[in-house]
2 protein chains.
Amino acid sequence: MLDNTDMQILEELNENSRITMKELGEKVHLTGQAAADRVTKLEEKGVIEGYTIKINQVKLGCYVYAFITIIIRSTNHQPFLSFINTQEKHIISNYKISGDGCYLLECRFPSNEVLDDFLLGLNKHANYKLSIVIKKQ
Amino acid sequence: MLDNTDMQILEELNENSRITMKELGEKVHLTGQAAADRVTKLEEKGVIEGYTIKINQVKLGCYVYAFITIIIRSTNHQPFLSFINTQEKHIISNYKISGDGCYLLECRFPSNEVLDDFLLGLNKHANYKLSIVIKKQ
DNA sequence: TCAAATCCTTTCAATTATCAAGTCAAACAG
DNA sequence: CTGTTTGACTTGATAATTGAAAGGATTTGA
């Protein structure tokens, strides 16, 4: 379904999605038009879901990065999910998981005080285990 | 440091980083030139770290998405870290964390067989807890 | 062998980005 | 109050890219 050139294109776009099609073409030994055609097809197939940026959260004032494992004893997860929906500012992703917990939250907070507020709210609906990210390596 | 227009620009680029500067300008009520100037400054400040794509991993044949909490009893983490470096194909991120484990691996695998191979290798250097992602919501 | 399909290239008009002035308003010192 | 500086924006001309159309290889299947 995808050949080597497509994989190269994905790699290049993953590194710099604002590259011009002409330049992308040069990197994979195609004309700009051929490269653009392939990219359009990758979009249509749904392989490329979108174009986005990497933001430095620390420079935006978010100094605390954490993973929170959620354990819910009740059979009704809705109160927790509703709470999460009110906190989308802090939540990067919510993964429903097998294993130790029911969910894994990937979050960021400007400070430990804000994190503490969040945990106080969270604790009304679920138990949790907190893992602060020290370093992404 | 960053005003409301800058935040809007970040939001727009986060949703679509291949937007033209002219169109971006229209969205935030600036000329294309002014928008491009602001984007350049956001890059120089390091707020924008790069431009990338969202890839549908399932369409690339990666059906298993997992978080693996790593517990190392030994004081020497190097064997584990070296092993990880040989497995970068499967590892999206390696987070050094506080809490239950020493590290949290975000990984993907084409199949449970490949995951099993990975775990066999991993187990020579560390203990682990596996959480399979059922759904990203 | 022929027709259709796929993938690529070339060409050119339309659009966008870039560069260099130039405008405007706020901040500030004399 | 006045003149200067600075930062952020606009304008306009030029260079570069994009997008669309036409056409050339190559492959596939009837």
Side-chain angles (χ1 to χ4, degrees), chain A residues 1-63 88-90 92 108-111 114, chain B residues 1-63 88-89 108 110-111:
Chain A
M1 184 178 172
L2 297 188
D3 63 12
N4 201 46
T5 304
D6 286 324
M7 295 307 291
Q8 265 185 279
I9 286 174
L10 290 177
E11 271 175 40
E12 291 296 338
L13 288 178
N14 201 45
E15 278 196 13
N16 176 16
S17 64
R18 274 195 75 85
I19 193 174
T20 64
M21 286 301 118
K22 190 185 173 189
E23 210 177 328
L24 177 61
E26 280 164 14
K27 295 211 181 207
V28 302
H29 310 297
L30 289 176
T31 59
Q33 283 68 12
D37 286 351
R38 275 176 179 261
V39 169
T40 302
K41 282 188 186 161
L42 289 169
E43 289 168 1
E44 284 167 354
K45 284 177 188 166
V47 177
I48 295 176
E49 294 183 327
Y51 300 89
T52 189
I53 51 174
K54 288 182 236 172
I55 296 179
N56 185 323
Q57 289 297 334
V58 169
K59 301 226 167 163
L60 286 188
C62 278
Y63 298 99
E88 58 180 42
K89 182 173 41 166
H90 299 128
I92 302 165
R108 55 165 178 260
F109 304 92
S111 67
V114 177
Chain B
M1 185 178 173
L2 297 188
D3 64 12
N4 201 46
T5 304
D6 286 325
M7 294 307 290
Q8 268 184 276
I9 286 174
L10 290 178
E11 272 174 40
E12 292 296 339
L13 288 178
N14 202 45
E15 278 196 15
N16 177 15
S17 64
R18 275 195 74 85
I19 194 174
T20 64
M21 286 300 118
K22 189 186 175 189
E23 210 178 328
L24 178 62
E26 281 163 13
K27 296 213 179 205
V28 303
H29 311 297
L30 289 175
T31 59
Q33 180 60 287
D37 285 351
R38 275 178 182 259
V39 169
T40 303
K41 280 186 188 163
L42 288 169
E43 289 168 0
E44 284 167 354
K45 284 174 188 167
V47 176
I48 295 176
E49 293 184 328
Y51 300 89
T52 188
I53 52 174
K54 288 182 235 171
I55 296 180
N56 185 322
Q57 289 296 334
V58 170
K59 301 223 169 167
L60 285 190
C62 277
Y63 299 99
E88 59 180 41
K89 181 173 43 166
R108 57 168 177 258
S111 67

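In what follows, every heavy atom counts, from backbone to side chain, and hydrogens, waters and symmetry copies are set aside. If you're wondering where the values come from, they're calculated on a predicted model, not measured in any experiment. In what follows, every chain begins at residue 1, and chains take the letters A, B, ... in the order their sequences are listed.
Of the possible donor and acceptor atoms, one in the side chain of A:Thr40 sits under 3.5 Å from a partner among the backbone N and O of A:Ala36. In this structure a side-chain-to-backbone donor-acceptor pair under 3.5 Å is present from A:Thr52 to B:Asn14.
Within a 6.0 Å radius of NZ in A:Lys27, no more than 12 heavy atoms belonging to other residues, nucleotides or ligands are found.
Note: CD (B:Glu26) to C1' (C:dT16) measures 12 Å, nearest angstrom. Distance B:Glu44 CD to D:dA8 P: 12 Å, rounded to the nearest Å. Atom CD in B:Glu23 sits about 8 Å away from atom P in C:dT16, given to the nearest Å. Summarising the geometry, the separation between CZ on B:Arg18 and P on D:dG19 is reported as 8 Å, rounded to the nearest angstrom. Atom P of nucleotide C:dC7 and atom CD1 of A:Ile9 are separated by 12 Å, given to the nearest angstrom. Taking atom CG on A:Leu24 and atom C1' on D:dT18, their separation rounds to 14 Å, with Å as the unit.
Phosphate proximity of D:dG7 to B:Lys41: absent, as no side-chain N or O sits under 4.0 Å from OP1 or OP2.
Side-chain contact between A:Phe109 and A:Lys89 is absent, with no heavy-atom pair separated by less than 4.5 Å. The shortest distance between side-chain heavy atoms of A:Leu10 and B:Leu60 falls below 4.5 Å. The side-chain heavy atoms of A:Val28 and A:Thr5, taken from C-beta on, include a pair separated by under 4.5 Å.
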Sugar-phosphate or base contact per nucleotide [nucleotides 9-16 of chain D; S, B, -; heavy atom under 4.0 Å]: SBB-----

